[in-house]
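Everything below concerns the one structure shown next.
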Amino acid sequence: MSRYDPASIEPKWQAAWEQAGTFRAEIVPDRPKYYVLEMFPYPSGRIHIGHVRNYTMGDVIARHRKANGFNVLHPMGFDAFGMPAENAAMASGGHPKDWTYGNIDTMVGQMKPLGFGLDWSRMFATCDEDYYGQQQALFLDFLEKGLVYRKNAVVNWDPVDMTVLANEQVIDGKGWRSGAPVERRELTQWFFRISDYSEELLSALDALDDWPAKVKLMQANWIGKSRGLQMAFGLIDGPEGHDRVDIYTTRPDTLTGASFVGISPDHPLARRLEKDDVELAEFNAECRRMGTSEEEMEKAEKRGYDTGLRVRHPFDTAWELPVFVANFILMDYGTGAIFGCPAHDQRDLDFARKYDLPVRSVFVPAMGEEGTFILPEDGGPAYVPPKPETVRYVAGFAGEEAQTGDAAIDAAIDFCEENAVGQGVTKFRLRDWGLSRQRYWGCPIPVVHCDTCGVVPEKKENLPVALPYDEDGKPIDFSIPGNPLDRHPTWRDCACPACGAPARRETDTMDTFVDSSWYYARFTAPDAGTPTDLKAAEYWMNVDQYIGGIEHAILHLLYSRFFARAMQMTGHLPDKCIEPFDALFTQGMVTHAIYQTRDPQGRPVYHYPEDVTLREGRGYLADGTEVEIIPSAKMSKSKNNVVDPVAIIGTYGADTARWFVLSDSPPERDVEWTAAGAEAAHKHLSRVHRMASEIAGSDAPETAEDEPLLREMHKAIRDVSLGVESFGFNAAIARLYAFTNALGKSRAGAGVKRQAARALAQLMAPMTPHLAEEMWQLLGGEGLVADAPWPVADESMLVEDTVTLPIQVNGKRRGEITVPNDAPKEEVEKAVLAHEAVVRALEGGAPKKLIVVPGRIVNVVV
RNA sequence: GCCCGCGUGGUGGAAUGGUAGACACAGGGGACUUAAAAUCCCCAGGCUUCGGCCGUGCCGGUUCGAGUCCGGCCGCGGGUACCA
């Protein structure tokens, strides 16, 4: 009998699938299709165990749907543009293109041995000229339809490296390489008009029934629809052209508690005032030195600058309020100006206490709800109850005295509109999507700047506008600061597409989120001469099951939803594709301990897991140095805590790796990689292989044990099918362990055992496809198990004759009874009351209540 | 800061509002073996006066019954618009 040897059986079956074209996806008009897609990887250099988990999940779904008769599309590609390639070129020389394609080769070579049922013929990388050329064509069509425009926006500027920094490259307000304080700089940049679709992207979430509720909630909050009031506060003796400050508020019911007006440092009034006020100019400059991220803005200490100017309250012209410039007010949201009501906003209260501004409550808890309430003006915290809660308005001006915040807001808006002091408006938090990046390794924005014609779209026949590889005859040198496209000796030079005069190319490239916003559509026709092929899109779209990390819950998924709409509008997708992902599953991340030591400066130094030896919960380097272990950390290239699956496959085989990543945790939750788990998985698969070999060689006659095994088989078919369909992979695997144990113990005859073992092979096939093929062949299965129809449970074999009911007394388990499956309720009650533990508890009396949940449980209340 | 999750034995985890801890890992005991490896079998939440009692991050609530639903905390994670 042969041992389980994945190193020989895995390549054998991979070759068999390859030769048979098992996973080639071809359009077959009459067959139902199923499109499974996992978020494609960034080519970081090597695959990690997170990829294995993610793609194994997709493969389980794909193989299961194929077995259920669907024509399955399951493609793979690479999200290949982005900063790491440029960072690598800067850090260790070389060219981003060579680095990226080298990584892709490596990763494909690492993925193929995993035996995923992928149609590799459709593979592309977003940095392929063919792909980004088609993306440029999309951009031009979007431009023509007015879906793209230019405006100014701020970026993080590193004055030493002379480059724009990403938010993650700004650390404590300083550039990550240069250490120089970061400045905010305004540049003219391209934007997609995603905010035009705010309402649509919000309301369409309702129909996404097979998306996780949490993702829809996150998107809804991100889009942030709010009904509020816009109104003007008259400015007293303001500079020329500034006679009012327009504010936006979602709490107009608190207008009578206003104690100041705050404006953003980027507000036109602030910009005007700083010209004559050195101190304010310094304050604003300091605000602008902050990073551009929302997190940083919000976490920063709330600071303000009293402009000395005053405004009149719209309700009472005698009531004057000071105007502050405040660092926490965003120019991008609302009007860039607010009124502060310290009593009902903690941030405003902190601000008021800092700058000694008045605090005046507008409402207090409802009668009888006061409890230990302390007024904010008496030192209590800001009183901010949920809007649906009823409160008592002590300084109300519209509606009832006792009313909910929601009702008060409506009444306040009505009041302001009737008195012509304000206007009810709906606003969204969602901003337009800035797509310009001042970097080399991205899709060039296909426009030309002409001195006479201005900004001119490139002609489609001139696409792709390809990235230059060389500079002065040599590969571009990334050790020189600045954008290589900007400084390239010839690349920028071109003829104006409109007038033919010498002109300059746009040197900005596109955000890599653009690349990933339509790749799912390109997979349906990866070689088309246009971005999509409508016939192929019509057949394959939408993605039936999309699988990816929760970290993409908002940006990637929202951008893709926008892009699908924009592509539909420009004729690149059929109408039915505006929501491209029918079902979404967000898998958890794979975590792994971080091993770190410190350099002489106290900065962390991260070590690869393979360089660390674990002994009794502590970790040591080869030279004996102990490392600090930070458990369950997100895997990150920069932290060197990425597990390498190649070694796992080499030791145990792909099926073991696949089995383990599914078995150890529920798929939506994070999983911590452990070496012991892989060892255990391998032992189990060896055992299954051994059992299959034994059963294949047995000729034991049929026995009385045949039927119990068949019952177990049908129950396993039912439970595993359900598990696979509902992403309960770990539960399905637990069930397969139990079924394997039952098969191992069974004394059934060879015929029934073979039947059960073939079912086991089929049920395991989505997870461990190579082993399953081997078993299938040993056990006399016909053809490939990958092509075999999914087994169906026989309902009649699932029905049990008797059922065991636990008996509770006052909700606590005290015993159990076994009754016939179809016993009438009266009979069950009689049996329960006769039970020893119940008799003892009743002490001769009658139960207060007797609850019988048929087939489930009995509860006696005494 | 704000938005969204998650929290169950030594460990990973199971459990349509209905027997908490399935299935595994690590551990203990046994069989086989000259011995070891491999394999197979058994035990296993804590406490206990052996009647039971306590247990799903903490506090409270709803319910005949709560890991599950509701409210309030604590801890950890994801996102926070230029990481992908």
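So that the names make sense, note that chain A is the first sequence line, chain B the second, and so on, each numbered from 1. Since the model is a prediction, treat every value here as computed from it, not as a measurement. Hydrogens, waters and symmetry mates are skipped; everything else that's a heavy atom, side chains included, is used.
- Of the options A:Phe513, A:Tyr519, A:Phe192, a ring-ring contact (aromatic ring centres under 6.0 Å, His included) to A:Tyr559 is made by A:Phe513 and by none of the others.
- A close approach under 4.0 Å does not occur between any side-chain nitrogen or oxygen of A:Arg185 and OP1 or OP2 of B:C82.
- Across B:A81, B:A24, B:A20, the shortest atom-to-atom separation from the side chain of A:Tyr737 is found for B:A24.
- Contact annotation: A:Lys214 does not reach the phosphate of B:G5 (side-chain N/O to OP1 or OP2, under 4.0 Å).
- Along RNA chain B, the nucleotide closest to A:Val164 and the one closest to A:Asn741 are compared, and the more 5′ of them pairs with A:Asn741.
- In RNA chain B, consecutive stretches of 3 or more Watson-Crick or G-U wobble pairs with both distances under 3.5 Å are given as paired ranges: B:1-7 with B:74-80, B:10-12 with B:23-25, B:27-31 with B:39-43, B:45-47 with B:52-54, B:57-61 with B:69-73.
- Across the C1' atoms, B:U8 and B:C76 are found 16 Å apart, a figure rounded to whole Å.
- In plain terms, the two heavy atoms of A:Tyr131 and A:Ala125 that are nearest each other are CB-O, 3.7 Å.
- Going from the P atom of B:C43 to that of B:U48 covers 23 Å, rounded to whole Å.
- A:Glu668 has no carboxylate O lying under 4.0 Å from a charged side-chain N of A:Lys214, or vice versa, which leaves the two without a salt bridge.
- A salt bridge is defined here as a Lys NZ or Arg NE, NH1 or NH2 lying under 4.0 Å from an Asp or Glu carboxylate O, and A:Arg53 with A:Glu38 fails to meet this definition.
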Worksheet entry | Chi angles and distances behind the side chain to side chain contact (heavy atoms under 4.5 Å, CB included) call for A:Gln808, A:Val860 | CA-CA 6 Å; A:Gln808 293 183 332; A:Val860 186; over 6 Å; no
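- Nucleotides B:G67 and B:G57, compared at atom C1', are 12 Å apart to the nearest Å.
- Only the C1' atoms considered, B:A20 is 16 Å distant from B:G7, to the nearest whole Å.
- On the P atoms, B:U11 is 27 Å away from B:G17, given to the nearest whole Å.
- Contact check on A:Glu829 versus A:Lys825 returns no salt bridge, with no Lys/Arg side-chain nitrogen under 4.0 Å from an Asp/Glu carboxylate oxygen.
- Ring-plane geometry between A:His552 and A:His556 is classed as perpendicular, the angle between the planes exceeding 60 degrees on a 0 to 90 degree scale with a lower cut at 30.
- The phosphate of B:U39 (OP1 or OP2) has no side-chain N or O of A:Arg3 nearer than 4.0 angstrom.
- Residue-to-nucleotide proximity on RNA chain B shows that, of A:Val858 and A:Ile851, the 5′-proximal contact is made by A:Val858.
- Heavy atoms of A:Phe328 sit nowhere under 4.0 angstrom from any nucleic acid atom.
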